[in-house]
2 protein chains.
Amino acid sequence: MFAEPKKYNTATTADTQEHEADQAESLQRKFDQMRKFNDSIPLKLLKARETTMSFFRPILQEAGLTEQQWRVIRALNEYEELESKQLAELCCILSPSLTGIINRLESQGHLKRRKSTEDQRRVLISLTDQAKELFKELSPRLEGRYGDLTNQISKEKLQQLNELLSEIINLEP
Amino acid sequence: MFAEPKKYNTATTADTQEHEADQAESLQRKFDQMRKFNDSIPLKLLKARETTMSFFRPILQEAGLTEQQWRVIRALNEYEELESKQLAELCCILSPSLTGIINRLESQGHLKRRKSTEDQRRVLISLTDQAKELFKELSPRLEGRYGDLTNQISKEKLQQLNELLSEIINLEP
DNA sequence: AACAAATACTTAATATGTTAATGAGATTTT
DNA sequence: AAAATCTCATTAACATATTAAGTATTTGTT
């Protein structure tokens, strides 16, 4: 990390007047109770994801693929053909982003799009043989790295983590 | 979610020839053992983060701030003055992105930048009074939402999650 | 002191994230 | 059936993510 900073802001400029000592003590107590910047679950989720992705980035970069592009290829390899909307939900990518990702993957010859015959609004997407080959090349290496990652954590903890994340994912604001 | 898709791709076009039944059985077994798309830790971390952020987005959007801008303000409120590099590491934002974020926050009057006197390369960043006021307005509402989030999970699970995430963050690829 | 190497930040180029608006096609309502 | 409504995908506009390259400043070497 980096050297610990020196000063704090207790954000209490509108406090009532007290004796200086009491005020300082009060502010100190308030500060200790305050949730610290690094105690944020969303931030820790972000950092944890960052660490995990660092295991795979080099391989994907070498293959000329982005994280998101690989996520799309991976999903299509499993589900054969998907609507754009399904793909977006599976991959956790918003529709406007997905449109661009699909365009680029299509122009690289990695996937095909066709319109649904029943509902002309829907777009059906599937991998080309070229992309299936690419998947077979990359998948073992990436699975190996996934193993390197998960082997550093006990099976129990890994399952705990999976369950806790599922619980969070299913919360509703 | 959405209706479960129908077909699967077992990605084994290069297999040796077998009796059809045996082959189908073999592929089925292989498929069952295969790690599924949704079993990915990085993806679940992404989705979990997405769920948690949905608690706060409306408030931030109403205030005209992005997630990243709020992260920067929050860090600066706690550490008073930080170098760009420290801010980047704390907030998990890469330097090139941070440059733009700082530019926009500065032009909105939310923060000040000055060059370090000892090391002219370093940029020191701090909040304006305006931003400190903004923080005091938003912070309670956001903390309230944070409470709504964490109250749906037991304290034990919450601590477990924090520990597991810390463990992951400290892994090295 | 002069030079190479390292550091902090910025710029550039491309891809994606995010919200709002649009357009085309299906559904519902009257 | 025509109008209003809804849905899916795309476009638009801006912010951020990512990698590479560039600039200025500092540090290390000789």
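Heavy atoms only: backbone and side chains are in, while hydrogens, waters and symmetry mates are out. Numbered from 1 within each chain, the chains take letters A, B, ... in sequence-line order.
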| message | Using heavy-atom distances to pick each residue's nearest nucleotide on DNA chain C, tell me which of A:Glu118 and A:Ser97 is more 5'. | response |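 Looking at the nearest nucleotide for each, A:Ser97 comes out on the 5' side.
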| query | Which residue, A:Lys115 or A:Cys92, contacts DNA chain C at a nucleotide closer to its 5' end, judged by nearest heavy atom? | reply |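 Of the two residues, A:Cys92 wins.
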NA contact type, [X], heavy-atom cut-off 4.0 Å: base, sugar-phosphate, or nothing?
X       : value
B:Ser84 : sugar-phosphate
A:Thr66 : sugar-phosphate
A:Leu98 : nothing

Whole angstrom is fine here: how far is it from [atom1] in [X] over to [atom2] in [N]?
X        : N      : atom1 : atom2 : answer
B:Leu46  : D:dA17 : CG    : C1'   : 13 Å
A:Gln69  : D:dA17 : CD    : P     : 18 Å
A:Ile101 : C:dT18 : CD1   : P     : 12 Å
A:Arg49  : D:dT16 : CZ    : C1'   : 15 Å
B:Glu106 : C:dC9  : CD    : P     : 14 Å

| request: Tell me yes or no: between the side chains of B:Gln159 and B:Glu163, is some donor less than 3.5 Å from an acceptor? | output: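 Looking only at side-chain atoms, B:Glu163 and B:Gln159 do form a donor-acceptor pair, the distance falling under 3.5 Å.
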| task | Output yes when a side-chain donor or acceptor of B:Asn170 lies under 3.5 Å from a complementary backbone atom of B:Ser166, and no otherwise. | result | yes
| Cationic N near anionic O, under 4.0 Å, A:Glu62 to A:Arg141 |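 A salt bridge is present here (some side-chain N lies under 4.0 Å from a carboxylate O).
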| request: Would you please confirm or rule out a distance under 4.0 Å between OP1 or OP2 of C:dT18 and any side-chain N or O of B:Arg57? | output: yes
